[in-house]
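The residues of the chain are indexed from 1 along the displayed sequence.
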Amino acid sequence: MPQTTRRAVLLGGAALALAPTAGFTFERDGAKKVMVFSGNQAVPVLDPHMRYDWSTRMIQQSVYDGLLKYVGSPPQIVPWLAESYDTSPDGLTYTFHLAANAKFHDGSPVDAEAVRFSFERALKMNAGIAWMLKDFLKPEKIVAVDARTVRFTLEAAFSPFISYVPWWYIVNPALVKANEVDGDLGRKWMTENGAGSGPFKLRRFDGNALIHLDTAPGYWKGWPMGEEKRLGGVIYRIIRESAPRKAALQRREVDIITNITPDDIGQLERLPGVKIENHPGFTTFGIKFNTKEGPTADVNLRKAIAYAFDYDSLITIHNGAATLMTSPFPASMAGHIDVPNIPRKDLAKAREYLSRSAYPNGGIELEYVHVQGLEDPRRIGLALLDSLRALNISVNIVGQPWTTMVSRGSKPDTAPNMTSIYVTPVGTDPDTVAYQYHRESWGLYYGMSHYDNPEVWQMISTARAETDTARRMALYAEIQRRIVDDQPEIFGMVANRLWSMRDYVKGFAFSPVRFTGEVDLYPMWIEG
């Protein structure tokens with residue numbers, strides 16, 4: 001008889017048994033293999049219209065489908081629930097033509113009314129993804145023309161529209177309405193239940209410990225590896241600490257892990273039967289200056305700090321698994337340019353700018369805040385401290401909980417002098433980064449610099465509405481140059497994305513537009 005694994009115990013007696021080979025190996029559910037993925041981050045809310053982060057979005061994309069989908073590297077937007085779409089010449093109207101065979105997990109069709117309902121629900125809830133479109137799309141302007149055609153009419157031209165559509169997942173209206181309580185649009189029920197059409201459906205949801213997904217029988221889109229090789233399901237197992245997560249991979253208690261550091265690579269790649277996925281990332285790291293209050297409101301001091309900083313330390317801290325930024329935009333983003341003369345360590349220039357500032361002899365202390373418990377930004381703070389000694393500037397390194405840090409940074413009068421911030425763009429359109437420097441982003445974590453340049457704000461707004469691609473890209477080139485000239489932050493680096501997995505895991509497909517540890521589970525399978 002097959003033995004029951006420790007994972008079966010964690011699953012509360014679910015019918016998963018050890019494959020009949022020596023030692024631990026992948027799980028089986030009947031004749032099908034079940035892949036176990038481990039990371040450190042919980043999934044507190046499954047509702048695709050309420051919240052997103054890397055672990056949440058990974059599960060959401062497994063349970064739900066969007067009209068379009070990001071795939072590949074460089075990332076491309078491909079048809080999904082929508083077979084095609086048309087755009088009016090004035091850039092105001094988008095008409096999507098839906099696949100005829102798409103079905104929700106309960107067998108009901110994914111029709112135009114489901115699409116209309118889902119976008120309306122997300123806009124009304126005004127949380128999570130709503131910010132992407134709410135200024136340009138009103139619920140009453142979404143029309144189900146017929147069963148397979150849905151039309152969106154924008155309030156004004158908004159060129160990034162298509163780049164945001166893949167993250168607006170479609171929910172089953174009948175299920176949502178059946179579980180609505182006191183007009184909550186099904187919010188409470190949707191927190192821990194699925195109502196999607198995606199390649200997997202929910203078997204068990206414990207957002208702080210373990211999520212078990214079953215493969216959706218007869219998934220309407222089919223399987224890239226074929227029916228015979230497709231998984232029976234996926235378990236997302238949350239292991240908070242790095243050491244036990246790595247040990248679980250070594251013991252074959254899990255098949256793939258994320259939240260590993262560059263320091264882990266050498267250790268993991270020496271393990272037999274283990275491979276590393278190491279890819280150029282999309283998540284930028286910068287040290288945001290408070291440009292409105294305190295010493296860093298002085299642009300010459302900001303430039304002095306930027307020229308004093310040891311950028312090579314960023315590469316060293318990441319064991320070479322990072323690339324220095326040459327612009328506020330990541331290099332793989334549309335419209336990116338290498339901004340001429342972006343600061344690199346140059347103490348002569350640093351002292352020149354310091355002499356022009358209100359603090360020509362230094363003699364000040366600046367606060368640098370990072371997320372408590374994150375080692376890399378703490379080490380970057382030490383590199384900053386060491387760099388600024390040459391300017392007679394001291395640095396107070398402070399670790400704070402994420403929520404505290406974001407709350408402090410929401411207002412100029414409470415924001416730290418310098419804050420370490422990682423930002424993953426949600427799409428490939430340059431607006432996703434440029435808008436971080438707009439007045440409307442003040443108060444958000446990526447707007448902690450409270451960057452104040454009305455001319456640049458106007459250029460950003462103009463670029464959003466511009467429908468001519470060449471003119472748009474020219475605007476974004478100038479926006480990048482102007483932002484760097486104003487130095488609202490130290491433009492740091494883009495760290496590589498890292499995963500480690502057993503060598504029998506197949507179908508891993510990197511796409512930089514996904515968040516940090518997030519992977520697309522749909523094309524993955526287990527060989528053997």
Side-chain angles (χ1 to χ4, degrees), residues 48-49 64-71 74-102 109-126 129-171 173 333-335 425-435 438 440 457-477 479 513:
H49 301 153
Y64 295 94
D65 290 313
L67 291 173
L68 307 170
K69 182 175 180 176
Y70 278 107
V71 299
Q76 302 293 322
I77 296 174
V78 300
W80 210 255
L81 286 172
E83 292 181 329
S84 63
Y85 66 89
D86 308 312
T87 308
S88 63
D90 61 6
L92 292 177
T93 303
Y94 294 80
T95 304
F96 291 85
H97 309 282
L98 306 183
N101 63 327
V110 182
D111 58 13
E113 174 54 25
V115 175
R116 189 206 64 78
F117 173 86
S118 297
F119 275 78
E120 178 186 64
R121 179 178 186 266
L123 291 168
K124 285 183 175 179
M125 294 178 79
N126 195 27
I129 57 173
W131 67 268
M132 300 178 188
L133 300 180
K134 68 178 183 178
D135 292 340
F136 295 88
L137 180 64
K138 305 304 177 187
E140 61 272 18
K141 297 294 184 69
I142 309 167
V143 178
V145 178
D146 56 42
R148 292 183 57 196
T149 310
V150 61
R151 183 174 65 237
F152 299 82
T153 303
L154 307 184
E155 298 293 290
F158 181 51
S159 292
F161 177 75
I162 288 298
S163 71
Y164 290 126
V165 167
W167 305 126
W168 288 63
Y169 294 122
I170 307 307
V171 302
M333 173 161 281
V426 297
T428 54
D429 192 278
D431 179 72
T432 61
V433 173
Y435 208 65
H438 195 280
E440 293 302 314
W457 297 344
Q458 184 56 54
M459 292 171 67
I460 294 169
S461 296
T462 300
R464 302 186 105 194
E466 178 58 67
T467 57
D468 182 272
T469 300
R471 286 198 290 265
R472 276 195 91 212
M473 295 305 109
L475 276 168
Y476 284 119
I479 287 166
V513 79

| query | Have Gln458 and Thr462 got a donor and an acceptor in their side chains that come within less than 3.5 Å? | reply | yes

| task | Dump the intermediate steps for side-chain contact (heavy atoms from CB on, under 4.5 Å) on Val433 and Met333, then the final yes or no. | result | CA-CA 9 Å; Val433 173; Met333 173 161 281; 3.6 Å; yes

| Pairwise distance CZ(Arg151) to OG1(Thr93) - rounded to 0.5 angstrom | 7.0 Å

| request: Could you tell me whether the side chain of His49 reaches within less than 4.5 Å of the side chain of Trp168, counting heavy atoms only? | output: no

| request: Locate the shortest heavy-atom distance separating Ala82 from Pro79; write the atom from each residue and the value. | output: O-CB, 3.0 Å

| query | Does the gap between the ring centers of Tyr94 and Phe161 come in under 6.0 Å? | reply | yes

| request: Would you check, one step at a time, whether the test salt bridge (Lys or Arg N to Asp or Glu O under 4.0 Å) holds for Glu155 with Lys141? | output: CA-CA 9 Å; Glu155 298 293 290; Lys141 297 294 184 69; 3.1 Å; yes

| task | Can you see which heavy atom on Arg148 is nearest to which on Ala100, and at what distance? | result | CZ-CB, 3.7 Å

| note | Here the gap from Thr428 atom OG1 to Ile162 atom CD1, rounded to the nearest 0.5 Å, amounts to 11.0 Å

| Shortest non-hydrogen separation from Pro160 to Asp431 and the atoms involved | CG-CB, 3.5 Å

| task | State, yes or no, whether a side-chain contact exists between Lys138 and Leu154 at a heavy-atom distance under 4.5 Å. | result | no

| Rounded distance [0.5 Å steps], OH in Tyr435 versus OG in Ser461 | 6.0 Å

| request: First locate atom CD1 of Ile479, then atom CE of Met473, and finally report the distance between them rounded to the nearest 0.5 Å. | output: 9.5 Å

| request: Give, for atom CZ of Phe136 and atom CZ of Phe158, the distance between the pair rounded to the nearest 0.5 Å. | output: 5.0 Å

| Are Leu68 and Val78 side-chain neighbours, meaning at least one heavy-atom pair lies under 4.5 Å? | no

| Going through the distances and angles, do Tyr164 and Trp131 end up as a ring pair (Phe, Tyr, Trp, His ring centres under 6.0 Å)? | CA-CA 10 Å; Tyr164 290 126; Trp131 67 268; 5.7 Å; yes

| task | List the steps, then state whether side-chain contact (heavy atoms from CB on, under 4.5 Å) holds for Leu81 with Val115. | result | CA-CA 10 Å; Leu81 286 172; Val115 175; 5.6 Å; no

| Can you name the nearest heavy-atom pair linking Ala114 to Pro173, along with the distance? | CA-CG, 3.6 Å

| request: Start with the C-alpha distance between Asp429 and Thr432, add both sets of side-chain angles, then the distance that settles side-chain hydrogen bond (donor to acceptor under 3.5 Å, both in side chains), and finish with yes or no. | output: CA-CA 6 Å; Asp429 192 278; Thr432 61; over 6 Å; no

| said: Could you walk me through whether Trp167 and Val426 satisfy the side-chain contact (heavy atoms from CB on, under 4.5 Å) test, starting with their C-alpha distance in whole Å, then the side-chain angles of each, then the deciding distance to 0.1 Å, before giving a yes or no? | reply: CA-CA 8 Å; Trp167 305 126; Val426 297; 4.2 Å; yes

| said: Do Ile460 and Tyr476 make a side-chain contact, defined as non-hydrogen atoms from C-beta onward lying under 4.5 Å apart? | reply: no

| remark: Separation between CG (Leu98) and CD1 (Ile170), nearest 0.5 Å, reads 8.5 Å

| request: Any chance you could lay out the side-chain contact (heavy atoms from CB on, under 4.5 Å) test for Ser159 and Arg464, step after step, and finish with the verdict? | output: CA-CA 6 Å; Ser159 292; Arg464 302 186 105 194; over 6 Å; no

| query | Side chains of Phe119 and Val150: does their closest heavy-atom pair fall under 4.5 Å? | reply | no

| remark: Here the pair of heavy atoms bringing Trp457 nearest to His438 is O-CD2, 3.4 Å

| query | Does the side chain of Thr153 reach to within under 4.5 Å of the side chain of Ile142, using non-hydrogen atoms? | reply | no

| Shortest non-hydrogen separation from Tyr169 to Ser118 and the atoms involved | O-CB, 3.9 Å

| query | Under 6.0 Å between ring centres, would you say that holds for Phe96 and Tyr85? | reply | yes

| query | Is Pro48 close to Val171 at the side-chain level, that is, under 4.5 Å between some pair of heavy atoms? | reply | yes

